[in-house]
There are 2 protein chains.
Amino acid sequence: MTKTTLISSPFDRDVQFAAKKRAVIVSAASAFRRRGYHNTSMVDIAETLGLTKAALYYYVKNKEEILYESHLMTYASMDDVLQLKPATNQTALDYLAGVFRSFVNLLTQSGVSLLTDVDSLKGDWQAEVLARRARIERRIIRIVKSGQIDGSIRSGDPRLHVFFFMGALNWLNAWFDADGRLDGQDIADHFVVQLRSGISALGEG
Amino acid sequence: MTKTTLISSPFDRDVQFAAKKRAVIVSAASAFRRRGYHNTSMVDIAETLGLTKAALYYYVKNKEEILYESHLMTYASMDDVLQLKPATNQTALDYLAGVFRSFVNLLTQSGVSLLTDVDSLKGDWQAEVLARRARIERRIIRIVKSGQIDGSIRSGDPRLHVFFFMGALNWLNAWFDADGRLDGQDIADHFVVQLRSGISALGEG
DNA sequence: AATAAATTTGACTCAAGAGTAGAATTTTAT
DNA sequence: ATAAAATTCTACTCTTGAGTCAAATTTATT
């Protein structure tokens with residue numbers, strides 16, 4: 001019992017290790033997002049955390065693993081969003097709008113970094129990241145297709161619908177700055193409207 | 001006169017030099033677009049052109065100059081599109097749709113590569129590329145603003161309107177493959193509709 | 001307090017890829 | 001045909017940043 005209640009304590013060594021590992025990955029992901037993977041050195045990552053480069057290797061196998069884990073962490077967050085099922089009478093468009101809003105919020109307010117560099121991953125790691133990305137994409141395409149069935153989303157190639165607005169999400173990296181003048185909530189509000197009207201069946205003639 | 005008429009001949013040494021330099025840049029840009037700047041070595045670029053790495057340095061100062069020139073080349077093409085003025089009674093939304101169609105066509109059919117990596121450029125080169133990008137962005141924002149004045153484009157922060165659909169353009173890199181099943185013209189057609197309905201003032205209210 | 005385990009460091013190795021330079025080759029001009 | 005200019009090459013140097021390792025330090029356990 002005593003052992004059980006202490007299992008999640010911040011004093012617990014395993015918990016600390018995991019928290020530190022996560023901090024390495026989150027901090028690196030943020031730098032990768034802002035400057036690119038190759039323009040971020042292990043020394044850069046370490047200094048941001050107040051460590052030396054060598055200490056990072058106590059937590060991660062190598063730089064590539066950081067990139068791999070960064071991607072997976074983001075996709076896990078997006079999967080969490082997609083776990084929430086639509087309400088019973090909610091149209092697919094409404095559900096999609098909510099999903100997209102959550103994605104924008106993840107990126108603008110929750111410190112999640114959506115990275116685009118998969119070519120710097122090799123072998124199984126790259127394959128897995130691509131597969132995870134494709135899976136999210138397919139789930140979103142499925143939502144669009146169900147919107148085309150329920151009548152809330154207009155006709156047209158669902159993949160192109162998705163590539164268009166997922167482009168907007170991925171492009172946030174290039175211009176969004178958490179310290180900038182544009183507030184994440186305002187961005188999410190605006191983007192959801194633009195997403196909706198972009199594919200809504202209303203007005204489709 | 002004889003000298004003048006020969007100035008553009010493909011047999012002319014200067015013309016050949018320029019054509020070869022251009023081939024280096026276009027080929028490299030395509031590889032940068034597909035795999036990323038850092039994952040494309042100078043040996044890779046040379047081999048694609050049937051040269052050795054050292055021969056590239058006869059044409060370009062260094063790798064960074066290739067990246068710099070790649071960006072500039074693409075922005076020049078986009079500037080050309082924006083040089084065409086709207087017809088007298090054309091709404092800004094119609095003009096914008098035409099501009100965007102041309103952009104998509106540049107990327108999907110004309111071998112133009114839109115790159116996103118500016119962090120690998122340093123100093124003046126990076127500053128210039130960012131300035132050129134910002135200028136194109138500002139011109140597009142101006143079109144959106146005039147659409148909000150002429151009533152064709154709905155209200156809302158024009159920058160966000162632009163960031164949304166320019167994200168779609170920039171994200172083409174991640175999924176578009178010229179040898180793939182999706183035809184550039186079909187993509188342009190679809191994207192133009194999605195752009196239009198995304199920001200059209202019709203139905204606003 | 002002593003010992004063990006965990007964590008961090010300083011100083012290092014290594015190599016991939018950018019870039020160089022002079023020689024070789026090719027092309028053009030005389 | 002010869003010389004000059006242009007282009008390409010081979011063989012190399014250099015450097016930056018990834019990664020390593022044993023020692024030093026810190027933390028936890030006995």
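Quick caveat: nothing in here was measured; it's all calculated off a predicted structure.
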Report the C-alpha distance between B/Phe32 and B/Ser113 in whole Å, list the side-chain angles of each, state the deciding distance to 0.1 Å, and finish with yes or no for side-chain contact (heavy atoms from CB on, under 4.5 Å).
CA-CA 8 Å; B/Phe32 295 163; B/Ser113 302; over 6 Å; no

Where along nucleotides 2-9 of chain D does protein come under 4.0 Å, by heavy atom, of base (B) or sugar-phosphate alone (S), with - for untouched nucleotides?
----SBBB

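Rounded to an integer number of Å, the gap from B/Asn39 CG to D/dA18 P is 13 Å. In this entry the distance linking CD of B/Glu64 with P of D/dT16 reads 14 Å, nearest Å. Summarising the geometry, the separation between OH on B/Tyr37 and C1' on C/dA16 is reported as 15 Å, rounded to the nearest angstrom. The NZ atom of A/Lys63 sits 15 Å away from the P atom of D/dT20 (whole-angstrom rounding). The OH atom of A/Tyr57 sits 15 Å away from the C1' atom of C/dA11 (whole-angstrom rounding).
Within a 6.0 Å sphere centred on CG of B/Asp124, other residues, nucleotides and ligands contribute 12 heavy atoms or fewer.
A/Lys21 and A/Glu65 are joined by a salt bridge, as a carboxylate oxygen and a charged side-chain nitrogen come within less than 4.0 angstrom of each other.
With 3.5 Å as the limit, one finds no donor-acceptor pair spanning the side chains of A/Ser77 and A/Asp80. Side-chain atoms of A/Ser120 and A/His38 form a donor-acceptor pair, as typed in the model, at a separation below 3.5 Å. Side-chain polar atoms of A/Arg142 and A/Ser146 form no donor-acceptor pair below 3.5 angstrom.
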